[in-house]
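Just so it is clear, the model here is predicted, and its values are computed rather than measured.
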Amino acid sequence: ELRDGRRAFRYISAGVEKMLGLHAADLMGDAEPLCALMAPDSYAQYREDEARSMRDQTQYSGLLQFHLADGRQVWLHVRSAPLPSPKGETVWVGVDVTKLKEAAEAAAKSVRERALADARAIVAETFGEQAPAFIVRAAESAATAEDFDPAALRAEVTEAAQAANTDPATPNVGATTITVGESAGP
């Protein structure tokens, strides 16, 4: 809520101290210390979404990133709903989802690293150590696509090797094409 032009909380759980290192009593009069910890992009998106929620009287739900004084990053899933009251009060609920966010990022990184390893292995199986650098780069680029299919890449690399030359040690560079995503290069 706004009090004397400042954001403040009517109630905030003592759990905010464990999550963000801030004292609930301090935030009751001024929410600025909490807002100051928010990553700039998160804060900007939050302000825009909160205004829309208040204007349209709809529920707000967002994932907010905080940069703590000790260097840690914390992610909170915050929900609020405008209550039908004369003052237009808003109830906030925050859940620390930092570990969930970190696990999701680690899983995505692992998937990307596995796709790159698969692409490099496919090129090595086809060309051995004589793989042209542009073939390796094209395969790595294909591995970063959301719809990466190792079997399709294997077929394209094999086709490229056959089109280049039957002897992978001396490829005909001008005849080789590997499709990356939806587009094909010359």
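Hydrophobic clustering keeps Leu116 apart from Val136 (ILVMFWY residues linked when any side-chain heavy atoms are closer than 4.5 Å, directly or through intermediates).
The main-chain N or O of Val157 is never found under 3.5 Å from a side-chain atom of Thr126 such that the two would form a donor-acceptor pair. Side chain of Asp56 to backbone of Thr58: no donor-acceptor contact under 3.5 angstrom is found. Side chain of Thr158 to backbone of Arg154: a donor-acceptor contact under 3.5 angstrom is found.
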Would you give me the side-chain donor-acceptor pairs under 3.5 Å for residues 36-45, sequence neighbours excluded?
residue : atom : partner : partner atom : Å
Ser42   : OG   : Gln65   : N            : 2.9
Tyr43   : OH   : Arg47   : NH1          : 2.9
Gln45   : NE2  : Asp49   : OD1          : 2.9
Gln45   : NE2  : Asp49   : OD2          : 3.2

Steps toward side-chain contact (heavy atoms from CB on, under 4.5 Å) verdict (Gln73, Leu68) | CA-CA 6 Å; Gln73 289 187 45; Leu68 304 189; over 6 Å; no
side-chain contact (heavy atoms from CB on, under 4.5 Å) between Thr144 and Arg112, intermediate numbers included | CA-CA 7 Å; Thr144 63; Arg112 285 190 306 273; over 6 Å; no
Kindly determine whether Ser61 and His77 satisfy side-chain contact (heavy atoms from CB on, under 4.5 Å), including the steps that lead there.
-> CA-CA 7 Å; Ser61 180; His77 181 242; 2.8 Å; yes
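Ala142 and Phe148 make their closest contact through O-CD1, 3.4 Å (heavy atoms, listed as atom of the first residue, atom of the second, distance). Here the shortest heavy-atom pairing between Leu34 and Phe66 reads O-CE2, 3.6 Å. Nearest approach of Ala119 to Ala139, heavy atoms of both residues: CB-O, 3.4 Å. Residues Val16 and His23 share a closest heavy-atom pair of CG1-C, 4.3 Å.
To the nearest 0.5 angstrom, Leu153 atom CG is 9.0 Å from Asp118 atom CG. Going from atom CD of Glu156 over to atom CD1 of Ile135 covers 10.5 Å, rounded to the nearest 0.5 Å.
Dense packing is recorded around CZ of Arg52, with more than 12 heavy atoms of other residues, nucleotides or ligands lying under 6.0 Å away.
Under 4.0 Å is where a charged nitrogen must lie from a carboxylate oxygen, and between Glu105 and Lys109 no such pair does.
Looking at heavy atoms from C-beta onward, Leu22 lies out of side-chain contact with Glu17 at the 4.5 angstrom threshold. Between Trp75 and Leu64, every side-chain heavy-atom pair lies at or beyond the 4.5 Å cut-off. Side-chain contact between Pro33 and Asp30 is present, with heavy atoms from C-beta onward closer than 4.5 Å. Ile122 has its side chain within reach of Pro150: a pair of non-hydrogen atoms, C-beta onward, lies under 4.5 Å apart.
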